[in-house]
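See below for the structure under consideration.
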Amino acid sequence: MATVRRTAKGIWDRYSASDPGLLRLMAGLRTVGAILLALAVLAPLGTSVTHLVAGAMTAMVATFAIQEKEVRGQAVTLALGLPVALAAISLGALLNSRVVAGDVFFIVLIFGAVYCRRFGDRGTALGLIGFQVYFVSLFVSASTSALPKLYLTLTIAFACSAVVRFAVVPETPERTLARLREAFRARLAQLIAHQIELLDADADSGEGPEKVLDDLRRSTARLHEAALMIQGRLDEGSRDAAAAALLQRRVADAEIAAERLGVLLLNARSAERVETLTLHLPSAAAPLTRRGRIAPDAGTALRRDLRALHLLVVRLVPDDRGTALPYVRNRLLGYREEQGLPQGSPAIQDCFRAIGEAARAILGLRLATDAAPDEEYDSPEVMRSREEFEAEEISISGEAAAAEEQTGLRRPTTRAAVQVSVGSALAIVGGEFLSTQRWYWAVLTCWVVFLNTASTGEIMVKGYRRLLGTVLGVVAGVALAGAVGNHTWAAFALVVLCVFGMFFTAPLSYAMMSFFVTAMLGLLYTLLNTYSLDVLVLRIEETALGAACGIIAAVVVLPVRTSHRTDEELGTVLARLRDVVSAAVSQLSGGPAVDLVDLARDLDTALDDLRSSTKPLTHPIAPLRARRQTARYIVALLETCAYHARSLAATAELVPSSKSVAADARLALAGRRITHNIDLIAAQVRDEEPDGVIESGSSIASMLDSGRHEVLRTGSVAFRVLRHLQRLDEGIVGLARPLGVPLAAPESAPEPERRLP
């Protein structure tokens, strides 16, 4: 029985890691539940199939359109959405027979629905409900005589959506945050498991090391994704601001400690001293050669301690009993203080110290999640860690910065509203030529390709994925429609499955979501007795037309070039990187304490936005191969710099409360060179003339030499800080080359003896 429970727990952990917070699962269940409940209420009332379809589609819209985090806000938006939906269905029925007036109103509605996005989640939801319900009126050919029944149908659909949202599948910020914390724990355990696999990878195998490195990169990225998702839910899901800030800091500590452990394990495994770039650059992993193998005794001890660390993560929940787990934790924490450190090379001992740092981070995460304390078995090292955590908790404070808002046509929502309105007008005209009955499919495609996009390149990629998913969905629709025949409830059952697939896959693949949408439409046409192969082929034509109209509007009307947006995002990342490095070095140099965790998270968010903006450049269909490689290289270097900046910030956070980390005024000199180089690169990105050249040459360690040739102990905090500064300096210099920033002439006499490994 215990084996079954462990197996089930392992399977659940893997799923929880793949769907952080169960957000996709809950979205699918909530939408499907609303549709099923609406059908269950409408069917006994003798509702016609057409109105059943309208009720199901309205229940779906009323559920997925509302994205607010707080329950009260969701209830208010749902209540406001019903009159909006009733007005939209009324206007759709009234204008159904008035072609010109209906088309003009549709364009005005589209403009308003997109423009409402400027008012936040509520404005976005109400605009989406208005547009989609008007589309439902076109889909079911609503008439004025049918309005009373449609009013009843829509009211029931909204009521069913409310019941499912607030009673059947309730979603509160606290529950979501709790599930995200569990997902973070699962992903942290997954990452450590892949780090253990790294030690066991066969260096003589062709595919073994490469697969392990791919898994390690993927696990690191997924852990980072979970940390960002927790960041987005902290304010609403925590009992107060102090608790939110505390959890944010503990999650950041655990993320940085796990990432650093992976880097040091790679260093120990590789004879080539693989650094952080191995985690980020595609196909950049150095071979794990025979020379890079870890000595057998050290490897055995390292595997043992990594498994112990994995156990601490798996048993992070407060269900541990007895002394075994605290004993393991105490032993690992001792490595931070050089207590019981196993013998081995400097690289191996760095790994053991990193395990101690990770154990401390896991202890902090445990305390922040209100787990049961177990001070009875604390060692002196654990007691010191607890004291440090308590001191940090007292000093937590945060400040919110106001963002500058653009106005007029420069405002993203206004620009998108104008673009989608022009594109929709073109789609209406072109769609009428293809079909006077199904022209709205072109308008719908034009609408959706503008959702959550900010540049012409993103719109092109989204249009391509929409078309690809539609073509595949037509094939599936033909097969499903032939399978269900005239079986109404079998068709509804498959529609529900398609809806679940649509919402479950939406965050993963837009093409897959479009596939499920089109397959669902084939079934809906079967229910409405309007199915034919010609209709599904027309769906492809209208989709292609709508995507083309959207692209034309994006290129011609107030265009935002992909390169312009990526330059803006790149400038933001450089500014955030400078903020983190400057503040961290200042605190490490004895300057005033600031909230470095917030600064580091701002950097992570900006870097995530940059990744999204470069997707059109790195997509396989992008024609410019050299540009694609340059974009990947720049993002990889920035990810490396962000890792070292986060690590510096985490170390600097210890200065006010730790007894083992002291400030050193000499570090300010190294910080000036790095921030100076970042400023020059940022000026180049802004198309300004750089005021100077990139400074390089002397290593950071030699810059700090003040006549005293001190020996930096490997693994010490000072050694770690200098190594992160050195890697940051090298990364920024490497970033200057592809961006065309002039470099200073190299020094004639480098000092290799002062460089850090």
Side-chain angles (χ1 to χ4, degrees), residues 25 27-64 132 135-142 146 149-150 153-154 156-157 160-161 164 435 437-438 440-441 444-445 466-506 509 511-543:
L25 177 64
L29 290 177
R30 197 177 303 113
T31 307
V32 166
I35 293 173
L36 290 176
L37 184 58
L39 293 176
V41 173
L42 290 170
L45 299 177
T47 308
S48 66
V49 173
T50 301
H51 288 177
L52 285 176
V53 171
M57 294 180 71
T58 302
M60 179 179 70
V61 172
T63 304
F64 80 78
Q132 293 287 359
F135 174 79
V136 169
S137 73
L138 297 174
F139 187 76
V140 299
S141 301
K149 291 184 178 179
L150 285 172
T153 299
L154 265 60
I156 291 174
C160 292
S161 176
V164 172
S435 170
Q437 301 296 321
R438 308 278 186 256
Y440 45 78
W441 289 123
L444 181 65
T445 299
R466 177 84 175 183
L467 183 59
L468 176 62
T470 299
V471 172
L472 297 176
V474 164
V475 176
V478 171
L480 292 175
V484 299
N486 295 322
H487 298 85
T488 300
W489 292 109
F492 268 120
L494 290 175
V495 165
V496 169
L497 290 177
C498 287
V499 169
F500 181 82
M502 178 172 62
F503 285 95
F504 191 77
T505 59
S509 170
M512 282 299 297
M513 188 195 75
S514 300
F515 165 81
F516 283 112
V517 169
T518 305
M520 177 188 70
L521 289 174
L523 293 166
L524 291 177
Y525 281 132
T526 301
L527 290 169
L528 297 174
N529 295 319
T530 56
Y531 168 78
S532 70
L533 181 59
D534 292 338
V535 169
L536 292 182
V537 172
L538 179 64
R539 160 80 174 160
I540 296 176
E541 295 172 347
E542 296 281 3
T543 299

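Worth saying up front: this structure is predicted, and the values here are computed from it rather than measured.
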Practice item. Might you work through the side chain to side chain contact (heavy atoms under 4.5 Å, CB included) test for H51 and L42, ending with a clear yes or no? Key: CA-CA 9 Å; H51 288 177; L42 290 170; over 6 Å; no
Review point. Quick one: ring-ring contact (aromatic ring centres under 6.0 Å, His included) partners of Y440, sequence neighbours excluded?
Key: F135
Review point. With T543, which residues qualify under side chain to side chain contact (heavy atoms under 4.5 Å, CB included), at least two apart?
Key: T445, R466, L467, T470, R539
Would you give me the side-chain donor-acceptor pairs under 3.5 Å for residues 32-40, sequence neighbours excluded?
none

Check your understanding: V61: what forms a side chain to side chain contact (heavy atoms under 4.5 Å, CB included) with it, not counting sequence neighbours?
Key -> F64, I129, Q132
Check your understanding: Got a sec, which residues hit side chain to side chain contact (heavy atoms under 4.5 Å, CB included) with A476, two or more places apart in sequence or on another chain?
Key -> F515, A519
Exercise for review: Taking all heavy atoms of M520 and all of V499, pick out the closest pair and write down the distance.
Suggested key: SD-CG2, 3.5 Å
Check your understanding: What residue pairs, at least two apart or across chains, pass side-chain hydrogen bond (donor to acceptor under 3.5 Å, both in side chains) with a residue in residues 52-64?
Key -> T63-S161
Point to revise | Test salt bridge (charged side-chain N to carboxylate O under 4.0 Å, His left out) applied to R30 - qualifying residues, sequence neighbours left out | key: E171
Check your understanding: What closest approach, in Å, do T518 and G473 show between heavy atoms, and which atom pair accounts for it?
Key -> CG2-C, 3.6 Å
Check your understanding: Which residues pass the side chain to side chain contact (heavy atoms under 4.5 Å, CB included) test with L29, sequence neighbours left out?
Key -> L25, F500
Exercise for review: Only pairs at least two apart or in different chains count here, so list each side-chain hydrogen bond (donor to acceptor under 3.5 Å, both in side chains) that has a residue in residues 32-41.
Suggested key: none
Exercise for review: Verify side chain to side chain contact (heavy atoms under 4.5 Å, CB included) between C160 and V164, making sure each step is shown before the conclusion.
Suggested key: CA-CA 6 Å; C160 292; V164 172; 5.5 Å; no
Only distances under 3.5 Å count here; give the side-chain donor-acceptor pairs of residues 487-496 to other protein atoms, sequence neighbours excluded, each with its distance to 0.1 Å.
residue: H487; atom: ND1; partner: V484; partner atom: O; Å: 2.7

Study note, to complete from the structure: Tightest non-hydrogen contact, residues A54 and V140, listed as CB-CG1, 4.2 Å
